[in-house]
Enquirer: 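Got a structure for you, written out below as C-alpha coordinates; questions coming shortly.
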Amino acid sequence: MSEIVVNNISVTYQLDKKRTVNAIKNCSAIFKDGEFNVVIGPSGCGKTTLLKALLGLIPFEGDVTLDGVDIYDYSTGERNFAYVSQDIVLQPHVTVFDNIAYPLKIRGMDKKTIVEKVNEIAADLNISECLSRKPKQISLGQAQRVAIARALIKNANFYFFDEPFSNLDQANRDNGRALLIKTIQKYHASVIYVTHSINEATSIADKIFVMSDGAMVFSGTPEEVLSCEIPEVKSLIDANDK
Ligand code: ADP
Ligand code: MG
(Lines give C-alpha, C1' and ligand atoms only; values in the text may rest on other atoms or scores of the structure.)
(Ligands and ions follow the chains in the order given, each with its own letter.)
Protein backbone atom coordinates (compact mmCIF):
# COMPACT_ATOMS: atom_id res chain seq x y z
CA MET A 1 0.00 0.00 0.00
CA SER A 2 1.49 3.33 -1.09
CA GLU A 3 -0.22 6.65 -1.48
CA ILE A 4 1.42 9.99 -2.14
CA VAL A 5 -0.52 13.06 -1.02
CA VAL A 6 0.81 16.37 -2.33
CA ASN A 7 -0.62 19.32 -0.43
CA ASN A 8 -0.01 22.83 -1.64
CA ILE A 9 3.64 22.52 -2.64
CA SER A 10 5.75 25.18 -4.28
CA VAL A 11 9.23 25.02 -5.83
CA THR A 12 11.36 28.06 -6.57
CA TYR A 13 14.60 27.90 -8.56
CA GLN A 14 17.15 30.57 -7.76
CA LEU A 15 18.67 31.64 -11.08
CA ASP A 16 21.11 34.13 -9.56
CA LYS A 17 21.22 36.53 -6.62
CA LYS A 18 18.17 38.47 -7.84
CA ARG A 19 16.18 36.28 -10.23
CA THR A 20 13.97 33.32 -9.34
CA VAL A 21 11.57 31.01 -11.21
CA ASN A 22 8.42 29.75 -9.50
CA ALA A 23 8.35 26.37 -11.23
CA ILE A 24 5.61 24.87 -9.00
CA LYS A 25 2.88 27.01 -7.47
CA ASN A 26 0.59 25.68 -4.72
CA CYS A 27 0.26 22.31 -6.36
CA SER A 28 -1.94 19.58 -4.83
CA ALA A 29 -2.62 16.00 -5.95
CA ILE A 30 -3.32 12.53 -4.59
CA PHE A 31 -1.49 9.67 -6.31
CA LYS A 32 -3.18 6.43 -5.30
CA ASP A 33 -1.78 2.97 -4.76
CA GLY A 34 -1.87 0.62 -7.74
CA GLU A 35 -3.03 3.31 -10.15
CA PHE A 36 -1.49 4.42 -13.41
CA ASN A 37 -1.32 8.17 -12.74
CA VAL A 38 -0.40 10.38 -15.67
CA VAL A 39 0.84 13.97 -15.26
CA ILE A 40 0.38 16.01 -18.40
CA GLY A 41 1.06 19.57 -19.45
CA PRO A 42 2.97 21.62 -22.00
CA SER A 43 6.75 21.84 -22.02
CA GLY A 44 8.05 23.98 -19.14
CA CYS A 45 4.90 23.69 -16.98
CA GLY A 46 6.75 21.97 -14.12
CA LYS A 47 6.23 18.22 -14.65
CA THR A 48 9.87 17.21 -14.18
CA THR A 49 10.22 19.60 -11.26
CA LEU A 50 7.25 17.94 -9.53
CA LEU A 51 8.84 14.49 -9.91
CA LYS A 52 12.22 15.75 -8.68
CA ALA A 53 10.57 17.32 -5.61
CA LEU A 54 8.83 14.03 -4.76
CA LEU A 55 12.08 12.12 -5.32
CA GLY A 56 13.88 14.37 -2.83
CA LEU A 57 16.23 15.77 -5.47
CA ILE A 58 15.12 19.37 -4.97
CA PRO A 59 13.59 21.14 -1.95
CA PHE A 60 9.96 22.31 -1.85
CA GLU A 61 7.61 24.23 0.42
CA GLY A 62 4.34 22.64 1.53
CA ASP A 63 3.49 19.08 2.57
CA VAL A 64 3.94 15.73 0.91
CA THR A 65 3.06 12.50 2.69
CA LEU A 66 3.81 8.89 1.78
CA ASP A 67 1.22 6.63 3.40
CA GLY A 68 0.34 9.38 5.85
CA VAL A 69 3.94 10.05 6.95
CA ASP A 70 5.72 13.31 6.10
CA ILE A 71 8.02 12.50 3.21
CA TYR A 72 10.84 14.51 4.83
CA ASP A 73 10.78 11.91 7.65
CA TYR A 74 12.13 9.37 5.14
CA SER A 75 15.54 9.43 3.51
CA THR A 76 15.39 9.20 -0.28
CA GLY A 77 16.42 5.53 0.05
CA GLU A 78 13.62 4.83 2.52
CA ARG A 79 11.04 6.35 0.16
CA ASN A 80 11.99 3.55 -2.25
CA PHE A 81 10.89 5.35 -5.40
CA ALA A 82 12.22 4.30 -8.80
CA TYR A 83 12.86 6.92 -11.48
CA VAL A 84 13.28 6.64 -15.23
CA SER A 85 14.36 10.00 -16.62
CA GLN A 86 13.87 11.32 -20.12
CA ASP A 87 17.56 10.75 -20.88
CA ILE A 88 18.67 7.13 -20.81
CA VAL A 89 21.42 6.71 -18.23
CA LEU A 90 23.08 3.28 -18.27
CA GLN A 91 26.50 2.24 -16.99
CA PRO A 92 28.49 1.90 -20.25
CA HIS A 93 31.26 -0.38 -18.98
CA VAL A 94 29.12 -3.27 -17.70
CA THR A 95 26.66 -5.59 -19.43
CA VAL A 96 22.93 -5.05 -19.68
CA PHE A 97 22.53 -7.88 -17.14
CA ASP A 98 24.73 -6.04 -14.63
CA ASN A 99 22.93 -2.75 -15.30
CA ILE A 100 19.55 -4.32 -14.46
CA ALA A 101 20.93 -6.35 -11.53
CA TYR A 102 22.59 -3.36 -9.86
CA PRO A 103 19.69 -2.31 -7.54
CA LEU A 104 19.43 -5.90 -6.25
CA LYS A 105 23.21 -6.30 -5.82
CA ILE A 106 23.47 -3.23 -3.63
CA ARG A 107 20.69 -4.67 -1.46
CA GLY A 108 22.81 -7.78 -0.98
CA MET A 109 20.36 -10.20 -2.64
CA ASP A 110 21.71 -13.70 -3.32
CA LYS A 111 23.04 -14.44 -6.82
CA LYS A 112 20.51 -17.13 -7.76
CA THR A 113 17.51 -14.88 -7.00
CA ILE A 114 19.13 -12.00 -8.88
CA VAL A 115 19.60 -14.16 -11.99
CA GLU A 116 15.96 -15.33 -11.82
CA LYS A 117 14.60 -11.83 -11.37
CA VAL A 118 16.74 -10.27 -14.12
CA ASN A 119 15.78 -13.03 -16.56
CA GLU A 120 12.09 -12.57 -15.75
CA ILE A 121 12.00 -8.79 -16.17
CA ALA A 122 14.14 -9.04 -19.34
CA ALA A 123 11.61 -11.47 -20.82
CA ASP A 124 8.73 -9.16 -19.81
CA LEU A 125 10.35 -6.26 -21.67
CA ASN A 126 11.64 -8.28 -24.62
CA ILE A 127 15.34 -7.61 -23.98
CA SER A 128 16.53 -11.14 -23.08
CA GLU A 129 18.80 -11.22 -26.12
CA CYS A 130 20.60 -8.06 -24.90
CA LEU A 131 21.62 -9.31 -21.45
CA SER A 132 25.22 -10.22 -22.29
CA ARG A 133 25.82 -7.10 -24.40
CA LYS A 134 27.16 -3.69 -23.37
CA PRO A 135 24.84 -0.66 -23.67
CA LYS A 136 26.56 0.64 -26.81
CA GLN A 137 25.78 -2.67 -28.59
CA ILE A 138 21.99 -2.32 -28.29
CA SER A 139 19.43 -0.04 -29.96
CA LEU A 140 17.96 3.11 -28.39
CA GLY A 141 14.58 1.40 -27.95
CA GLN A 142 16.24 -1.55 -26.20
CA ALA A 143 18.32 0.81 -24.04
CA GLN A 144 15.18 2.58 -22.86
CA ARG A 145 13.63 -0.78 -21.93
CA VAL A 146 16.83 -1.69 -20.01
CA ALA A 147 16.46 1.54 -18.02
CA ILE A 148 12.81 0.62 -17.33
CA ALA A 149 13.79 -2.94 -16.31
CA ARG A 150 16.39 -1.58 -13.88
CA ALA A 151 13.68 0.59 -12.30
CA LEU A 152 10.94 -2.07 -12.20
CA ILE A 153 13.22 -4.69 -10.62
CA LYS A 154 13.49 -2.51 -7.49
CA ASN A 155 10.07 -3.46 -6.12
CA ALA A 156 9.59 0.22 -5.36
CA ASN A 157 6.72 1.94 -3.57
CA PHE A 158 6.20 4.14 -6.63
CA TYR A 159 7.63 4.27 -10.14
CA PHE A 160 8.21 7.63 -11.82
CA PHE A 161 8.55 7.74 -15.60
CA ASP A 162 9.46 11.11 -17.11
CA GLU A 163 8.48 11.10 -20.81
CA PRO A 164 10.35 7.79 -21.18
CA PHE A 165 9.74 7.28 -24.88
CA SER A 166 9.97 10.84 -26.18
CA ASN A 167 13.40 10.27 -27.79
CA LEU A 168 12.20 7.26 -29.79
CA ASP A 169 10.51 6.93 -33.18
CA GLN A 170 6.81 6.09 -33.34
CA ALA A 171 7.24 2.31 -33.75
CA ASN A 172 9.67 1.98 -30.83
CA ARG A 173 7.50 4.28 -28.74
CA ASP A 174 4.35 2.21 -29.29
CA ASN A 175 6.20 -1.06 -28.70
CA GLY A 176 7.94 0.21 -25.54
CA ARG A 177 4.73 1.65 -24.14
CA ALA A 178 2.75 -1.55 -24.72
CA LEU A 179 5.45 -3.65 -22.99
CA LEU A 180 5.69 -1.16 -20.11
CA ILE A 181 1.92 -1.20 -19.51
CA LYS A 182 1.76 -5.01 -19.59
CA THR A 183 4.67 -5.26 -17.13
CA ILE A 184 3.22 -2.60 -14.80
CA GLN A 185 -0.06 -4.54 -14.69
CA LYS A 186 1.77 -7.81 -13.96
CA TYR A 187 3.59 -6.29 -10.96
CA HIS A 188 0.57 -4.21 -9.79
CA ALA A 189 2.89 -1.22 -9.61
CA SER A 190 1.94 2.31 -8.57
CA VAL A 191 3.01 4.76 -11.25
CA ILE A 192 3.39 8.45 -11.98
CA TYR A 193 4.00 8.80 -15.71
CA VAL A 194 4.78 12.16 -17.30
CA THR A 195 3.87 13.05 -20.86
CA HIS A 196 2.90 16.08 -22.92
CA SER A 197 0.67 14.01 -25.24
CA ILE A 198 -3.05 13.89 -24.49
CA ASN A 199 -3.40 10.89 -26.82
CA GLU A 200 -0.80 8.98 -24.83
CA ALA A 201 -2.31 10.09 -21.51
CA THR A 202 -5.87 9.06 -22.35
CA SER A 203 -4.76 5.69 -23.72
CA ILE A 204 -2.82 4.58 -20.63
CA ALA A 205 -4.06 6.47 -17.54
CA ASP A 206 -6.35 5.49 -14.70
CA LYS A 207 -6.18 9.11 -13.62
CA ILE A 208 -4.81 12.19 -15.37
CA PHE A 209 -3.38 15.27 -13.63
CA VAL A 210 -3.22 18.37 -15.81
CA MET A 211 -0.54 20.97 -15.06
CA SER A 212 -0.28 24.45 -16.48
CA ASP A 213 2.30 27.08 -15.61
CA GLY A 214 3.36 25.35 -12.38
CA ALA A 215 -0.17 24.70 -11.10
CA MET A 216 -2.36 21.61 -11.05
CA VAL A 217 -5.44 22.80 -12.93
CA PHE A 218 -7.52 19.62 -13.23
CA SER A 219 -7.52 15.94 -12.37
CA GLY A 220 -9.85 13.16 -13.39
CA THR A 221 -10.38 10.05 -15.46
CA PRO A 222 -9.50 10.17 -19.18
CA GLU A 223 -13.20 10.66 -19.98
CA GLU A 224 -13.49 13.55 -17.51
CA VAL A 225 -10.40 15.23 -18.97
CA LEU A 226 -11.63 14.87 -22.55
CA SER A 227 -14.95 16.52 -21.67
CA CYS A 228 -13.38 19.21 -19.44
CA GLU A 229 -14.15 22.81 -20.40
CA ILE A 230 -11.21 24.46 -18.62
CA PRO A 231 -9.20 26.45 -21.23
CA GLU A 232 -5.79 24.96 -20.21
CA VAL A 233 -7.20 21.44 -20.70
CA LYS A 234 -8.93 22.26 -23.98
CA SER A 235 -5.76 23.78 -25.41
CA LEU A 236 -3.84 20.56 -24.62
CA ILE A 237 -6.47 18.53 -26.46
CA ASP A 238 -6.44 20.93 -29.43
CA ALA A 239 -2.61 20.92 -29.56
CA ASN A 240 -2.53 17.14 -29.88
CA ASP A 241 -5.28 16.97 -32.47
CA LYS A 242 -3.14 18.91 -34.91
P1 ADP B 1 8.53 20.35 -17.78
O2 ADP B 1 9.14 19.08 -17.25
O3 ADP B 1 7.04 20.39 -17.63
O4 ADP B 1 8.94 20.63 -19.19
P5 ADP B 1 10.31 21.65 -15.88
O6 ADP B 1 9.90 21.12 -14.56
O7 ADP B 1 11.53 21.08 -16.51
O8 ADP B 1 9.06 21.57 -16.90
O9 ADP B 1 10.53 23.21 -15.78
C10 ADP B 1 9.60 24.09 -15.15
C11 ADP B 1 10.16 25.51 -15.13
O12 ADP B 1 11.29 25.56 -14.30
C13 ADP B 1 10.60 26.01 -16.49
O14 ADP B 1 10.32 27.39 -16.55
C15 ADP B 1 12.08 25.76 -16.49
O16 ADP B 1 12.75 26.66 -17.33
C17 ADP B 1 12.44 25.98 -15.04
N18 ADP B 1 13.57 25.15 -14.60
C19 ADP B 1 13.66 23.80 -14.64
N20 ADP B 1 14.81 23.35 -14.12
C21 ADP B 1 15.48 24.47 -13.70
C22 ADP B 1 16.74 24.67 -13.07
N23 ADP B 1 17.52 23.66 -12.74
N24 ADP B 1 17.10 25.95 -12.81
C25 ADP B 1 16.29 26.98 -13.13
N26 ADP B 1 15.09 26.86 -13.72
C27 ADP B 1 14.68 25.61 -14.01
MG1 MG C 1 10.31 17.63 -18.28
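As the structure lists them, so they are numbered: ligands from 1, and atoms in each ligand from 1. Quick caveat: nothing in here was measured; it's all calculated off a predicted structure. Numbers here are sequence positions counted from 1.
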Enquirer: For the pair Tyr72 and Phe60, name the ring-plane relationship: parallel under 30°, tilted 30 to 60°, perpendicular over 60°.
Expert: parallel

Enquirer: Assign the ring pair Phe161 / Tyr159 to parallel, tilted or perpendicular, where the plane angle (0 to 90°) is split at 30° and 60°.
Expert: parallel

Enquirer: Quick check on Phe97: does its CZ atom have over 12 non-hydrogen neighbours (other residues, nucleotides or ligands) under 6.0 Å away?
Expert: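 Yes, CZ of Phe97 has more than 12 neighbouring heavy atoms, counting only those of other groups under 6.0 Å.
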
Enquirer: Could you tell me whether Lys52 and Asp162 make a salt bridge, using a distance below 4.0 angstrom between a side-chain N and a carboxylate O?
Expert: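 Not counted as a salt bridge, because no side-chain N and carboxylate O are separated by less than 4.0 Å.
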
Enquirer: Pairing donors with acceptors under 3.5 angstrom, does anything connect the side chains of Ser190 and Glu35?
Expert: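 Side-chain D/A pair, Ser190 to Glu35: absent.
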
Enquirer: Kindly state if atom 1 (P) of ligand 1 has a protein heavy atom within a strict 4.0 Å cut-off, that is, under 4.0 Å?
Expert: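 It does; a protein heavy atom is within 4.0 Å.
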
Enquirer: How far is atom 7 (O) of ligand 1 from its nearest protein heavy atom, and which residue and atom name does that atom have?
Expert: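 Going by distance alone, atom 7 (O) of ligand 1 is nearest to Thr48 CB, 3.9 Å.
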
Enquirer: From the options Ile9, Asn7, Asn8, select the one residue that forms a side-chain contact (heavy atoms from CB on, under 4.5 Å) with Asp63.
Expert: Asn7

Enquirer: Between Asp206 and Lys32, does at least one N-O distance fall below 4.0 Å, as a salt bridge requires?
Expert: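 Answer for the salt bridge query: no.
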
Enquirer: When only distance counts, is Gly44 in polar contact with ligand 1, meaning an N/O pair under 3.5 Å?
Expert: yes

Enquirer: Protein heavy atoms near atom 15 (C) of ligand 1, is at least one of them under 4.0 angstrom away?
Expert: no

Enquirer: Does any N or O atom in Ala23 lie less than 3.5 angstrom from one in ligand 1, N or O only?
Expert: no

Enquirer: Under 4.0 Å, heavy atoms only, figure out whether ligand 1 is touched by the backbone of Leu50, its side chain, both or neither.
Expert: neither

Enquirer: N/O to N/O below 3.5 Å, does that happen between Cys45 and ligand 1?
Expert: yes

Enquirer: Numbering the atoms of ligand 1 from 1, which are under 4.0 Å from a heavy atom of Thr49?
Expert: 5 (P), 6 (O), 9 (O), 10 (C)

Enquirer: Students should be able to answer this: which protein heavy-atom is nearest to atom 8 (O) of ligand 1, and at what distance?
Expert: Gly46 N, 3.2 Å

Enquirer: Does a side-chain N-to-carboxylate-O contact under 4.0 Å join Arg173 and Glu163?
Expert: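 Glu163 and Arg173: not salt-bridged.
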
Enquirer: In the protein, which heavy atom is nearest to atom 26 (N) of ligand 1, and how far is it?
Expert: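 Here the nearest protein heavy atom works out to Tyr13 CD1, 3.4 Å.
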
Enquirer: Is the Mg ion (ligand 2) less than 2.8 Å from at least one N/O/S atom of Thr48?
Expert: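 Yes, within the cut-off.
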
Enquirer: Looking only at heavy atoms of Gly41, does any of them come nearer than 4.0 Å to an atom of ligand 1?
Expert: no

